[in-house]
Structure formats: structure tokens, C-alpha cells
Amino acid sequence: MEWRDRARQGFREAFGRDPAFVADAGGRVNLIGEHTDYHEGFVFPAAIDLRTLAAAAPRADGRIRIRSGNVEEVRESSVDVLQPPGGFPPWWAYAEGPFWALREARVPIPGADVWVRGEVPLGGGLSSSASIQVALTALGAALAGQALPPMEVARLARRSENLYCGVPCGAMDQVASACGLAGHALLLDCRTLAIDPVPFPGPWALVVADSGVRHAVAGSEYARRQQECARGLAVARKAFPEVRTARDLTLDHLASIRADLDETAFQRLRHVVTENDRCLQAREALKRQDGSALASLLAGSHESLARDYEVSCPELDLLVEIGTGLPGSLGARLTGAGFGGNTVHVVDGEAAEAYREALFRRYRDRTGRETPMRIVHPDQGVRCLPLATGE
Ligand code: GLA
């Protein structure tokens with residue numbers, strides 16, 4: 001069944017009537033450029049064909065009623081009273097937040113019945129939460145009679161995640177989910193938000209491998225990394241007033257202030273500097289279809305995330321180690337925030353299925369975990385369509 005029929009059917013089963021609009025938005029995989037987006041650096045993600053489906057119909061009474069295909073509970077509220085819940089975000093914050101962000105941006109949303117179902121594995125570092133918020137931002141705007149440009153959808157979805165859900169993420173996930181282009185990875189400059197779409201080479205394939213690990217510390221450690229970098233940045237700014245964010249730093253800057261930096265701050269900032277450089281080099285490697293250059297950049301990224309940024313874990317390291325030893329490997333690394341979740345593997349397309357199976361078996365044999373390993377494809381960003389009743 002086509003995505004819009006599945007969305008319509010989900011909505012019908014939830015509310016017993018037809019939706020006015022259906023939407024879907026991509027999860028994302030990041031090829032390289034990790035923990036750089038909130039430093040206004042460079043990232044290289046692609047929206048993927050693991051997606052979130054959603055549908056909505058307007059209500060005249062200003063109520064927002066949310067049903068999710070992933071949880072039993074129904075959430076009801078009113079547009080006028082939406083307020084960030086504070087604390088650890090409950091599931092419905094990700095669905096309600098977009099309506100709050102739209103209201104704050106003076107988009108005149110009516111009430112709505114909303115149905116959403118995430119088909120992106122939850123909490124796996126593939127942007128399940130961003131895809132929910134992107135799909136619902138587009139839907140909420142459509143109910144208000146506005147077709148927002150994808151970048152504006154991404155901006156509001158990020159406000160929802162930062163301010164409604166209280167997650168201090170950068171811009172990468174929402175931009176990838178909203179602005180993705182089928183068959184392309186997007187080199188995104190997180191300072192200017194300029195996107196350079198680069199075709200993903202036809203002969204190559206992408207495998208995402210779930211470690212099966214979800215660390216509860218991920219949220220607090222993510223915020224801690226930002227603080228550690230801010231500490232180092234304050235020192236750097238004293239010496240180099242032209243430096244605004246870690247994106248402006250060079251290895252020479254870091255060498256000259258090393259004595260004034262604590263070792264942790266030094267390592268964190270070194271990761272950001274070297275990762276931005278690897279990300280830009282990876283764009284060129286992808287354009288040249290230079291698999292061996294890409295493999296060494298991905299290896300460098302994983303190593304730097306593990307040693308300097310300290311966001312890996314033994315299971316992610318193991319997936320990378322197994323994957324890079326398999327035939328057809330063009331490099332692997334952890335993707336997303338880390339502390340568990342998924343690794344991304346670039347693979348020779350002809351070897352992809354055998355690679356996926358071998359990775360699954362060897363990881364299972366070493367850890368006892370049977371976790372999903374999927375071949376994914378760079379896909380388009382958010383789609384939102386009106387649905388004529390009776391169609
Ligand atoms: C999470 C955040 C992103 C980004 C990555 C790390 O996915 O949501 O903004 O910071 O971690 O690169």
C-alpha cells in the first residue's frame with residue numbers, strides 16, 4: 001500500500017473519519033560530521049526510507065487530540081494552553097510540540113485530530129523524534145492553510161525539540177528529515193544552513209546496524225559535551241576574539257592555548273575541528289566515488305568520537321570492527337549522538353546483502369544480541385498532501 005493510503009487508513013482506524021491531510025517525513029542517517037551541528041559546523045546526513053507517517057483533520061473546538069500507532073494512550077489538550085511539559089519528555093511532547101511551535105510562530109492552527117506512527121526505530125540514533133516533529137509541523141501548517149518551505153518546517157520542528165521537549169539538539173536531524181533529496185546526501189553548513197546535495201553513488205549501498213544498546217545517560221552526556229566545549233571555547237575566545245563558535249577553531253589555535261585548557265575540553269574541541277575537516281573531505285570523496293578515501297575518513301571519525309568525544313561504547317566499536325573487516329566494506333562509524341543506537345556502513349552495492357547477513361551473524365555470535373541490520377536508501381524529505389474526502 002502506498003504511504004498516503006497507509007496514513008489515511010491509520011487515521012481512519014483511530015478516529016473513524018477521513019483525514020484532511022497526510023504527511024510523512026524521513027528518519028536520517030548521518031554519513032559523517034558528528035557532534036558538530038551545535039557548534040555551527042558541517043554535517044553530511046541523508047533522509048532515509050525508514051519514515052514517520054502522520055495524518056490530521058481540523059477540529060472547530062480548538063482541541064488537539066493525538067493518537068499514536070506506537071502507544072495505546074490518547075493525548076488531549078487545547079491549542080491555547082499548550083506549554084512545554086518540562087522534565088524528561090513524555091511521548092506526546094514530540095507530537096504536541098510542533099503545534100506549540102506553530103502557535104508561537106503565529107501560524108493560526110485550528111484544533112486537530114492527529115494520528116502518527118513512527119516506522120523509524122525509536123531511540124536508535126536515526127532521528128525518530130525529528131521525523132515525528134517534522135511530519136506534524138508540516139501537517140499543522142497545512143491545517144492552517146500554509147505550505148511552509150521545508151527549511152522553515154525544519155526550523156520550527158527544532159524549536160519544538162529544543163524548547164517543548166527540552167532536548168538541546170543541533171539542526172542536523174530536522175533539516176535532513178525535512179529537506180532530504182532522494183538518492184542524495186546533504187552537506188549542510190550548520191552556520192548558514194546552506195545545503196549542498198551530493199548524489200550518493202549508485203554502485204554503493206548503506207547499511208544501518210542496530211547495536212541493541214540504549215544508554216539512559218545519553219541525554220545528560222549530550223548536554224555535558226556541550227558544557228565541556230563551552231568551557232574550552234571561553235578560553236579560546238580570550239586568546240582569539242574572532243572565534244565565535246568551535247567551528248571557527250583550528251588545530252593551531254588549540255595548540256597555542258593547550259596549556260590553558262583542561263584535557264577534556266582540549267579533546268572535545270579537537271574532535272570538532274578534525275571532524276569538520278573530515279566532513280568536507282568526505283564530500284569530495286563521495287563526489288569522486290573514492291571508496292578508500294571515504295573508508296579512512298569514516299574510520300577517523302569513529303576513532304575521534306570514541307577517544308576524543310567519548311560518545312561510543314563497546315557494542316558500537318564492535319559493529320565497526322566487524323563491518324570494516326567484511327568484503328565490500330567502504331567504511332563504518334557510529335551515527336547520531338552515540339552511547340548506543342546504530343552504526344552506518346557504506347558498502348559496495350553488490351556485496352550489501354551478504355554484508356548485512358554476515359554482520360548480523362558475527363555480532364550475534366560475539367554478543368548474543370539479535371538486532372536489526374537494515375539496508376536503507378537516501379530518500380526525500382517531508383511530504384504533505386491534501387486528501388480529497390472519498391478519494
Ligand atoms: C543527535 C542530535 C543532533 C546531533 C547528533 C550528533 O542526533 O539530535 O542534533 O547533534 O546527535 O551529531
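Model, not experiment: these values are computed from the prediction. Counting starts at 1 for both ligands and their atoms, following the listed order.
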Hey, is ligand 1 close enough to E34 that some N/O pair sits below 3.5 Å? yes
So the atoms of ligand 1 within less than 4.0 Å of a heavy atom of G170 turn out to be 9 (O)
Residue and atom name of the nearest protein heavy atom (relative to atom 3 (C) of ligand 1), distance in Å to one decimal: D37 OD2, 3.3 Å
Do T245 and H39 meet the criterion of a side-chain donor-acceptor pair at a distance under 3.5 Å? no
Backbone, side chain, both or neither: what part of R225 comes under 4.0 angstrom of ligand 1, heavy atoms only? neither
Taking NZ, NE, NH1 and NH2 as the nitrogens, is one of them in E228 or R231 under 4.0 Å from a carboxylate oxygen of the other? no
Exercise: do S301 and R278 side chains pair donor with acceptor under 3.5 Å: no
Need the ligand 1 atom indices (1-based, order shown) with element for anything under 4.0 Å from a heavy-atom of Y38. 10 (O)
Within 4.0 Å of some non-hydrogen atom of R28, the atoms of ligand 1 are 7 (O)
Between D277 and Q281, is there a side-chain donor-acceptor contact under 3.5 Å, judged purely by atom types and distance? yes
Atom 5 (C) of ligand 1: closest protein heavy atom, distance to 0.1 Å, is M172 CE, 3.8 Å
Protein residue, atom and distance nearest to atom 8 (O) of ligand 1, heavy-atom basis: D173 OD2, 2.6 Å
Ring-face cation of R67 near F15 (centre distance under 6.0 Å, axis angle within 45°): yes
Under 3.5 Å, is there a donor-acceptor pair between the Q133 and S160 side chains? yes
Using a strict 4.0 Å threshold on nitrogen-to-oxygen distance, state whether D37 and R158 make a salt bridge. no
For atom 10 (O) of ligand 1, what is the closest protein heavy atom, and at what distance to 0.1 Å? Y222 OH, 2.6 Å
